[in-house]
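First comes the structure, then the notes that go with it.
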There are 2 protein chains.
Amino acid sequence: MAKAALKAAMKKRTAPKEERQQQLIRATIRSVAKNGLSDTTMATVSRQAGLSQGIINLHFQSKDRLLVETLRYLSEQYRETWERALAKAGDSPADKLAAMVAIDFKPPVCDPNKLAVWFAFWGESKSRPTYRKICASRDMAYRAEMVQVCQQLVEEGDYHDVDAATVAAGISAMTSGLWLDLLTSPRSMTRERALQICQAYLAITFPNHFS
Amino acid sequence: MAKAALKAAMKKRTAPKEERQQQLIRATIRSVAKNGLSDTTMATVSRQAGLSQGIINLHFQSKDRLLVETLRYLSEQYRETWERALAKAGDSPADKLAAMVAIDFKPPVCDPNKLAVWFAFWGESKSRPTYRKICASRDMAYRAEMVQVCQQLVEEGDYHDVDAATVAAGISAMTSGLWLDLLTSPRSMTRERALQICQAYLAITFPNHFS
DNA sequence: ATCAAATGAATGATTGTTCATTCATTGCAA
DNA sequence: TTGCAATGAATGAACAATCATTCATTTGAT
């Protein structure tokens, strides 16, 4: 959806269904970041959106559905950002890997509010299979691609001691771990520093490609 | 506290204050793991403990305090486990680092329920300074020690291209990232595999010590 | 017998949801 | 253009359900 349309939706008293839904999802992200998931109510979200109480049930039927759609929105946005970056990147596996790592530490993916929401959902995921499924679908394509890229790098660079699947899992884990640092200690961790830490891992693992 | 005392507390109708408190904290961990933080109520916790509704207010005054004390309990337990492992380990920095990494993927730290609770609190930490402070105090000592150990390794092994602070941050991030995998995809990630991924990182970074 | 520990019904506050009403936009006739 | 229904989006007060907390009463250990 165009940003212009969303801004229009926020000013007009009535707006098309899809625009209002996205406006409410964005308000949910702000509310969860500000109040936490357990203090996010229909009232805090509708207030964030500058709309009335009943608006969420009108567009999403229930609070549960609003939350699920918010997670789906984040998941979709991540996938789009990732696929776009991969399309832009060069054909070499090194370029691809560099691009995949880079987007994880730049907007729109690496945004303080969105990270807070990701962790809020992860924190509930053990008791909510629906959340787990949405998260899993995000991971699958991403990880498959990363293993493949690492495998190509291993072959290209004759890194005999490197296991592609292991490194891929390591990079992916390091990324979410650095997101946690960005969330819990924003004073001592920055996006730039996080990217640097990740790149150091690439450099020592694939020295012929990243040094 | 001794385990025997806790078991006694669970059977007796009355028990010393400290035993009941720990019993309730353990019940909280189970409830948060099972129901999530936002569906954890005074009723679910007291039911888990096999006690009555009012018992929590009697021992913790409020729900908020119960949750804070639960986080503190986890934080303390982590610190104790870590310090004990370090005391047991040899004097060489390699032994120390291996020990620090190992405990992160073994009980009692690496337990499915406890991981779920850690992430539940992290997910709320942006909106709750109290949670952030408790988490920060856990990190500080741990990270300081890890940087120091990595620094010693770098000097010992002449790893001129390795920056100790960067590697330390990378290991720490990879650990929490692997915890997330254990939480969200317990079918495809095991503690053994997670430890292996971490050790591969150590091996490639400090080949003279971990190969 | 005493008294701290534990209970669980009662209470007030909060929350998600509903729905009758209000309001703005759109299409159409004059 | 101007006036006027018709449509459906948005509102917000009201409702029912849930929850944390309180406290008079009960229980059991010393």
Side-chain angles (χ1 to χ4, degrees), chain A residues 1 5-28 31-32 34-71 120 124 127-128 130, chain B residues 1 4-28 31-32 34-70 120 124 127-128 130:
Chain A
M1 183 187 299
L6 188 67
K7 274 202 168 177
M10 289 170 55
K11 295 196 170 178
K12 279 192 299 186
R13 199 194 116 97
T14 76
K17 212 175 162 185
E18 201 193 344
E19 291 174 14
R20 268 286 120 88
Q21 288 185 348
Q22 187 165 134
Q23 183 187 0
L24 288 169
I25 285 174
R26 297 201 179 199
T28 305
S31 172
V32 171
K34 185 182 176 188
N35 310 110
L37 197 46
S38 54
D39 284 344
T40 284
T41 67
M42 303 297 255
T44 65
V45 173
S46 51
R47 202 179 309 138
Q48 272 287 341
L51 295 168
S52 66
Q53 280 269 12
I55 194 74
I56 295 168
N57 289 282
L58 181 65
H59 286 284
F60 291 95
Q61 287 76 57
S62 73
K63 184 187 181 185
D64 270 340
R65 273 182 53 85
L66 169 71
L67 294 177
V68 167
E69 292 307 321
T70 300
L71 180 54
E124 298 271 272
S127 53
R128 305 224 146 195
T130 310
Chain B
M1 181 184 300
L6 186 66
K7 274 201 170 178
M10 289 170 55
K11 294 195 172 181
K12 279 191 298 185
R13 200 194 116 94
T14 75
K17 211 175 164 186
E18 202 192 345
E19 291 174 16
R20 269 285 121 89
Q21 287 185 349
Q22 186 164 137
Q23 184 187 1
L24 288 170
I25 285 173
R26 296 201 180 199
T28 305
S31 172
V32 172
K34 184 181 177 190
N35 309 110
L37 196 47
S38 54
D39 284 343
T40 285
T41 67
M42 304 297 257
T44 64
V45 173
S46 52
R47 203 178 309 139
Q48 273 288 342
L51 296 168
S52 67
Q53 282 269 13
I55 193 74
I56 296 168
N57 289 282
L58 181 66
H59 287 283
F60 291 95
Q61 287 75 56
S62 73
K63 184 187 179 184
D64 269 341
R65 273 183 54 86
L66 169 70
L67 293 177
V68 167
E69 292 306 320
T70 300
E124 299 272 271
S127 52
R128 306 223 131 186
T130 309

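Chain A is the first sequence line, chain B the second, and so forth, proteins listed ahead of strands; every chain is numbered from 1.
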Which heavy atom in B/V45 sits nearest to a heavy atom in B/L24, and how many Å separate them? CG1-O, 4.0 Å

Between A/Q53 (CD) and D/dA13 (P), how many Å, whole number? 9 Å

Going by the side chain to side chain contact (heavy atoms under 4.5 Å, CB included) test, name the single residue among B/L67, B/I25, B/I55 that passes it with B/F60. B/I25

Spacing between A/H59 atom NE2 and D/dA10 atom C1', to the nearest angstrom: 8 Å

When you measure from the side chain of B/S46 to the backbone of B/M42, do you find a donor-acceptor pair of N or O atoms at a distance under 3.5 Å? yes

Over how many whole Å does the gap from B/D64 atom CG to D/dA20 atom P extend? 10 Å

Does C/dA6 have its OP1 or OP2 closer than 4.0 Å to a side-chain nitrogen or oxygen of B/R20? yes

Rounded distance (Å) that lies between atom P of D/dA9 and atom CG of A/L58: 7 Å

Between A/Q23 and A/R20, is any side-chain donor less than 3.5 angstrom from a side-chain acceptor? yes

Residue met sooner reading DNA chain C from 5', once A/D39 and A/G54 are mapped to nucleotides: A/D39

Counting side-chain heavy atoms from CB outward, which of D/dA10, D/dA20, C/dT17 is closest to A/S52? D/dA10

Nearest-Å distance for atom pair CD1/P, residues A/I55 and C/dT22: 18 Å

Spacing between A/F60 atom CZ and D/dA10 atom P, to the nearest angstrom: 12 Å

Starting from C1' on C/dG8, measure out to CE on B/M42 and report it in whole angstrom. 14 Å

For atom NZ of A/K63 and atom P of C/dT14, their distance in whole Å: 15 Å

